[in-house]
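Only one structure is covered here, and it is reproduced in the block below.
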Amino acid sequence: MGCEDERGLGDRIARFRVRRKLTQERLAERAELSVDVVRKLEQGQRQTARLSTINALARALDVEPSVLIGQPTTFEARQEGDSPSVLALRQAVSPLTELLGEDADPEAPPTVGALRAALRSTERIRREGRMADIGVLLPQLIRDARTAAHAHSGTDAAAAHAVLAEAYQVAATTLAALGKEDAGFTALERSMEAARRSDDPHLETMGVSTLSWILTKQGRLEDAERVALTAAERIEPGFRSRPIELSLWGILLLRAATAAVRRGKHDAVDELLNMATAAASRIGEDRLDYATPFGPTNVGVAEVNFLVEMERGAKALTAARAVPELHRLPPTWRARFHVDRALACVDLGKDDSALRALLAAEGDAPSGCATTERPGGWWPNYAAASAAAPPP
């Protein structure tokens with residue numbers, strides 16, 4: 001694995017090209033790229049490439065984009081205790097080139113269409129909670145979007161800022177899930193700044209949702225509840241509200257409820273959950289806006305989570321049986337749901353049922369899990385799920 005990681009991007013492209021028995025010209029044709037791009041990458045004349053270029057090469061070579069990029073390996077990451085992916089995200093969020101006023105990207109800026117396609121290419125791995133791959137791909141997307149936002153003007157600049165804002169939000173969530181809340185907060189600050197310069201009016205609301213979760217992770221529960229409720233009151237939907245507005249409102253209510261339940265404010269949790277349930281019923285089915293689910297299924301999963309937090313195990317299991325269409329949620333969210341079922345079973349002394357729920361969680365969770373201490377023993381806590389599925 002070590003030798004694999006030490007290969008450069010060009011070495012990996014050449015190795016997979018040879019394995020697929022392709023010439024440089026044929027690879028360029030299949031990827032719809034200039035052969036000069038392929039040649040320069042393989043010869044090391046270019047050390048990096050746009051994420052859109054990497055995606056095109058990955059499709060042509062039938063490999064995952066993250067395999068072509070490879071895991072960054074640095075001495076600094078080992079010294080500081082950060083994983084290489086975390087260090088790469090830190091460097092992308094707070095680049096030294098900006099502080100020094102250096103122009104570190106001589107390539108032509110990517111088009112808005114290429115940026116949006118690159119952002120869409122990350123959605124599947126985000127839903128699946130593949131945090132290592134997120135840490136590999138996201139830094140390049142942030143750099144690409146920042147270059148485009150600075151280089152373009154007018155509507156193209158606004159559209160590039162929208163991609164940049166969402167990429168920063170993903171970085172913020174990922175860093176916070178990995179226990180780097182301060183770095184996540186920095187990423188979120190940059191996201192909110194980009195959102196204000198974007199053409200998407202909903203990105204600031206999603207930023208507040210992410211902020212509430214990061215504050216919850218920091219233990220700033222009162223602040224987390226307040227920012228979510230303030231934003232929810234500002235956008236409170238009416239009779240003619242669109243589904244996206246109902247969804248964003250409901251997401252904020254659940255973020256506020258997450259902080260409230262940890263503050264022991266059970267009456268407030270019940271009230272917030274009732275309002276979120278009403279919004280979900282109005283929508284009628286689960287939506288996936290900005291890679292965040294909301295609808296009847298997600299609210300049902302949230303209810304189970306809150307009941308477990310409030311030590312109402314019997315009610316949690318009853319609610320779990322009523323959750324509709326669980327298959328509609330991303331696998332990471334389903335894994336969290338099954339862990340909550342297991343914890344409810346443990347509290348009720350139903351060890352066999354708890355084991356079955358944990359096995360279901362293991363089947364849905366991304367590879368790799370941590371553990372968390374519970375009364376009576378150690379239980380899986382799928383930390384990788386947290387990036388794609390913050391607390392409801």
Side-chain angles (χ1 to χ4, degrees), residues 80 82-83 85-102 104-105 115 119 122 126 131 134-135 137-152 157-232 234-235 248 251-252 255-256 258-259 289-292 386-388 390-391:
E80 294 177 7
D82 282 348
S83 71
S85 293
V86 168
L87 183 62
L89 280 173
R90 287 184 184 275
Q91 291 170 332
V93 168
S94 304
L96 186 60
T97 54
E98 284 198 353
L99 292 176
L100 299 179
E102 297 175 350
D105 194 344
L115 273 181
L119 178 64
T122 68
R126 289 157 58 190
M131 297 180 72
I134 293 171
L137 298 176
L138 194 59
Q140 186 60 53
L141 177 58
I142 290 173
R143 286 189 288 269
D144 290 351
R146 188 165 51 231
T147 296
H150 289 169
H152 293 311
H161 274 103
V163 175
L164 181 59
E166 192 165 351
Y168 276 139
Q169 280 186 24
V170 180
T173 307
T174 303
L175 287 164
L178 293 170
K180 311 297 180 181
E181 291 90 351
D182 289 346
F185 196 93
T186 298
L188 186 59
E189 285 182 313
R190 289 182 171 251
S191 174
M192 298 294 276
E193 179 184 353
R196 285 189 284 270
R197 303 174 67 180
S198 78
D199 58 358
D200 187 337
H202 302 307
L203 282 170
E204 283 194 68
T205 301
M206 284 306 302
V208 172
S209 169
T210 303
L211 173 60
S212 177
W213 183 61
I214 291 176
L215 292 171
T216 298
K217 289 279 291 179
Q218 290 179 326
R220 297 168 58 181
L221 300 179
E222 183 177 355
D223 289 340
E225 183 180 356
R226 180 168 57 86
V227 298
L229 286 178
T230 299
R234 187 168 58 246
I235 67 166
L248 294 176
I251 289 168
L252 288 169
R255 290 287 185 265
T258 299
D289 297 306
Y290 306 96
T292 303
S386 298

Problem - Minimum heavy-atom distance Arg190-Pro95, with the two atoms named - result: NH1-CD, 4.4 Å

Handout entry: Atom of Gly135, atom of Ala88 and distance for their closest heavy-atom approach
Key = O-CB, 4.2 Å

Handout entry: From OG1 (Thr186) to CG (Leu175), nearest 0.5 Å
Key = 9.0 Å

Handout entry: Residue list, salt bridge (Lys or Arg N to Asp or Glu O under 4.0 Å) with Glu225, at least two apart or on another chain
Key = Arg263, Lys265

Problem - Stepwise side chain to side chain contact (heavy atoms under 4.5 Å, CB included) test for Tyr290 and Ile251 - result: CA-CA 11 Å; Tyr290 306 96; Ile251 289 168; over 6 Å; no

Exercise for the section: Would you indicate whether the side-chain heavy atoms of Thr122 and Val170 approach each other to under 4.5 Å? Expected result: no

Fill in the blank from the handout: Residues at least two apart in sequence or cross-chain that pass salt bridge (Lys or Arg N to Asp or Glu O under 4.0 Å) with Arg197, listed by chain then number, are none

Handout entry: Minimum heavy-atom distance between Ala232 and Leu252, given as atom pair plus value
Key = N-CD1, 3.6 Å

Exercise for the section: Kindly compute the distance separating NZ (Lys180) from CD1 (Ile214), expressed to the nearest 0.5 Å. Expected result: 14.5 Å

Fill in the blank from the handout: The reported gap from CH2 in Trp213 to CD in Gln218 (rounded to nearest 0.5 angstrom) is 11.0 Å

Fill in the blank from the handout: All heavy atoms of Ala92 vs all of Arg146, minimum pair found to be O-NH1, 2.8 Å

Side-chain atoms of residues 201-209: list all donor-acceptor pairs with protein atoms under 3.5 Å, sequence neighbours left out, distances to 0.1 Å.
{"unit_1": "Ser209", "atom_1": "OG", "unit_2": "Arg255", "atom_2": "NE", "d": "3.1"}

Practice task
Look up atom NE2 in His152 and atom NE2 in His161, then write down how far apart they are to the nearest 0.5 Å.
Solution key: 11.0 Å

Completion exercise
Residues passing the side-chain contact (heavy atoms from CB on, under 4.5 Å) test with Ala171, sequence neighbours excluded, are Leu89, Val93, Leu138, Ile142, Ala187

Exercise for the section: Could you tell me which non-hydrogen atom of Ser191 sits nearest to which non-hydrogen atom of Ala165, and how far apart they are? Expected result: OG-O, 2.8 Å

Exercise for the section: Output all residues satisfying side-chain hydrogen bond (donor to acceptor under 3.5 Å, both in side chains) with Asp199, sequence neighbours left out; order by chain, then residue number. Expected result: none

Handout entry: All salt bridge (Lys or Arg N to Asp or Glu O under 4.0 Å) counterparts of Asp182, not counting sequence neighbours
Key = none

Exercise for the section: Give a yes or no on whether the backbone of Ala224 and the side-chain of Ser212 come within a donor-acceptor separation of less than 3.5 Å. Expected result: yes

Fill in the blank from the handout: Rounded to the nearest 0.5 angstrom, the CG-CG distance for Leu141 and Leu115 is 7.0 Å

Handout entry: Gap between atom CD of Gln169 and atom CG of Leu164 - 0.5 Å precision
Key = 10.5 Å

